[in-house]
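The block underneath contains the structure these notes are about, expressed in structure tokens.
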Number of protein chains: 2
Amino acid sequence: MAEPTNNPPAEPIDTRFLESLIGYNARRAALAVIEQFLQHMAAYELRPVSFSVLSLVKHNPGITSSQLCTALGILPPNLVGLLKPLVKRALIERRPHPHDGRAMALHLTSTGRTLMAKAEATAAELELQATANLSKSERTTLLQLLKKVYA
Amino acid sequence: MAEPTNNPPAEPIDTRFLESLIGYNARRAALAVIEQFLQHMAAYELRPVSFSVLSLVKHNPGITSSQLCTALGILPPNLVGLLKPLVKRALIERRPHPHDGRAMALHLTSTGRTLMAKAEATAAELELQATANLSKSERTTLLQLLKKVYA
DNA sequence: TATTGTTATACTCTATAACTATA
DNA sequence: TATAGTTATAGAGTATAACAATA
């Protein structure tokens, strides 16, 4: 039959219904941004969630595991495996909690602080890159509207 | 020490840096909307991606697997396991492709059409519910801005 | 009795390599 | 040689149950 089998195809796909759904669009947007994140953060061997954990420890020295779980929507058994390699890489250090013998207070090590200074700078650059199609005010609006959805 | 260990805690967590990132907010928003989706679509035994597949087959009768993969960002090996139960439940039917002997043309069965009429109506209701904090124009703006991010 | 943190485990989602049949 | 679809498999991500230590 030898039709050219063009790529992209001559018959466009109708995605209008899906594209009318906030959930669908938010997921596609998140995946697009996270893909860039993965590529650039690979240099630091950080995944999105690892980065989020380190960022919260940086800005909240002494934070506990259960506080991290609440803030990030992670279940406690899953946080264990996230923290373990970060401690092993000496980015995070676990100290006894001052008021609660059950808990551990998490702190960045100096290695962790050095890495996160670079990683957060990279994240901020990526942010501009990922939203290159948006004006400054559009970007601000988008952030506000997304927060309203999950608040 | 007997501090009340309040829930939520008395010391709020500083999440300002993460909340400045589009990727973080888009992911949180997507997860919030998808959680509601999961709950309400459980009645139809549909997951978000299964729903997306059925919706594209409904609006693009005769669509092929590779077109579905391209449109939804799914890898071909993973689509196989998605389609199998939909065929087994007799929601989708696979016909020979009219012009390409390698491909299969996908169509909804009458069972599939009946299910998707209800499921798409439910999705549209959910949409209003999930964006109850947004005005009509805010919702339109959010959709446009999300599309700009992943376009 | 309730909470923090942990182990073990299972299920889903996503990714890669290799194969077949058709083009 | 390239593409459509498939199998097998491995790795993340996410979920529940059950436990020890401490509150």
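Naming convention: chains lettered A, B, ... in sequence-line order (proteins, then strands); numbering from 1 in each chain.
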Nearest-nucleotide check on DNA chain C, A/Leu31 vs A/Ala103; residue mapping nearer the 5' end is A/Ala103
Does A/Pro76 or B/Ile74 map to a spot on DNA chain C nearer the 5' end, using the closest nucleotide for each? A/Pro76
Any donor-acceptor pair under 3.5 Å joining the side chain of A/Asn78 to the base of D/dA15? yes
Is it the case that the side chain of [X] and the backbone of [Y] share a donor-acceptor pair, with hydrogens and angles ignored and the cut-off at 3.5 Å?
{"X": "A/Asn133", "Y": "B/Val149", "result": "no"}
{"X": "A/Asn60", "Y": "B/Asp14", "result": "yes"}
{"X": "B/Thr122", "Y": "B/Lys118", "result": "yes"}
{"X": "B/Arg95", "Y": "B/Gly62", "result": "no"}

Tell me: [atom1] of [X] to [atom2] of [N], nearest whole Å?
{"X": "B/Leu83", "N": "D/dG5", "atom1": "CG", "atom2": "P", "value": "9 Å"}
{"X": "A/His99", "N": "C/dT4", "atom1": "NE2", "atom2": "C1'", "value": "16 Å"}
{"X": "B/Phe51", "N": "C/dC13", "atom1": "CZ", "atom2": "P", "value": "16 Å"}
{"X": "A/Ile34", "N": "C/dA15", "atom1": "CD1", "atom2": "C1'", "value": "16 Å"}
{"X": "B/Leu75", "N": "D/dA4", "atom1": "CG", "atom2": "C1'", "value": "14 Å"}
{"X": "A/Glu35", "N": "C/dT14", "atom1": "CD", "atom2": "C1'", "value": "12 Å"}
{"X": "B/Leu38", "N": "D/dA15", "atom1": "CG", "atom2": "C1'", "value": "13 Å"}
{"X": "B/Leu79", "N": "D/dT3", "atom1": "CG", "atom2": "C1'", "value": "16 Å"}

Under a 4.5 Å side-chain heavy-atom rule over Ile, Leu, Val, Met, Phe, Trp and Tyr, are B/Phe51 and B/Leu68 clustered together? yes
Between B/Arg139 and B/Glu127, does any NZ, NE, NH1 or NH2 come within less than 4.0 Å of an OD or OE carboxylate oxygen? yes
Just wondering, do A/Leu75 and A/Cys69 contact through their side chains at under 4.5 Å, heavy atoms? no
Out of [options], whichever nucleotide has its closest atom nearest the side chain of [X]:
{"X": "B/Pro77", "options": "D/dG5, C/dA15, D/dT16", "value": "C/dA15"}
{"X": "B/Arg94", "options": "D/dT7, D/dG5, C/dT4", "value": "D/dG5"}
{"X": "A/Asp100", "options": "C/dA23, C/dT4, D/dG5", "value": "C/dT4"}
{"X": "A/Arg102", "options": "C/dT4, C/dA8, C/dA23", "value": "C/dT4"}

Can you list every salt bridge (Lys or Arg N to Asp or Glu O under 4.0 Å) pair that touches residues 34-62 of chain B, not counting sequence neighbours? B/Lys58-B/Glu120
Report each atom pair, protein N/O against N/O of nucleotides 10-13 of chain D, whose distance is under 3.5 angstrom.
residue	atom	partner	partner atom	Å
D/dA12	O3'	A/Arg47	NH2	3.3
D/dG13	OP1	A/Arg47	NE	3.4
D/dG13	OP1	A/Arg47	NH2	3.4

5'-most contact on DNA chain D: A/Gly101 or A/Gly73, nearest heavy atom basis? A/Gly73
A/Ser66 side chain near C/dT4 phosphate (N/O to OP1/OP2, under 4.0 Å): yes
Between A/Lys84 and C/dG5, is there a contact of a side-chain N or O with OP1 or OP2 at under 4.0 Å? no
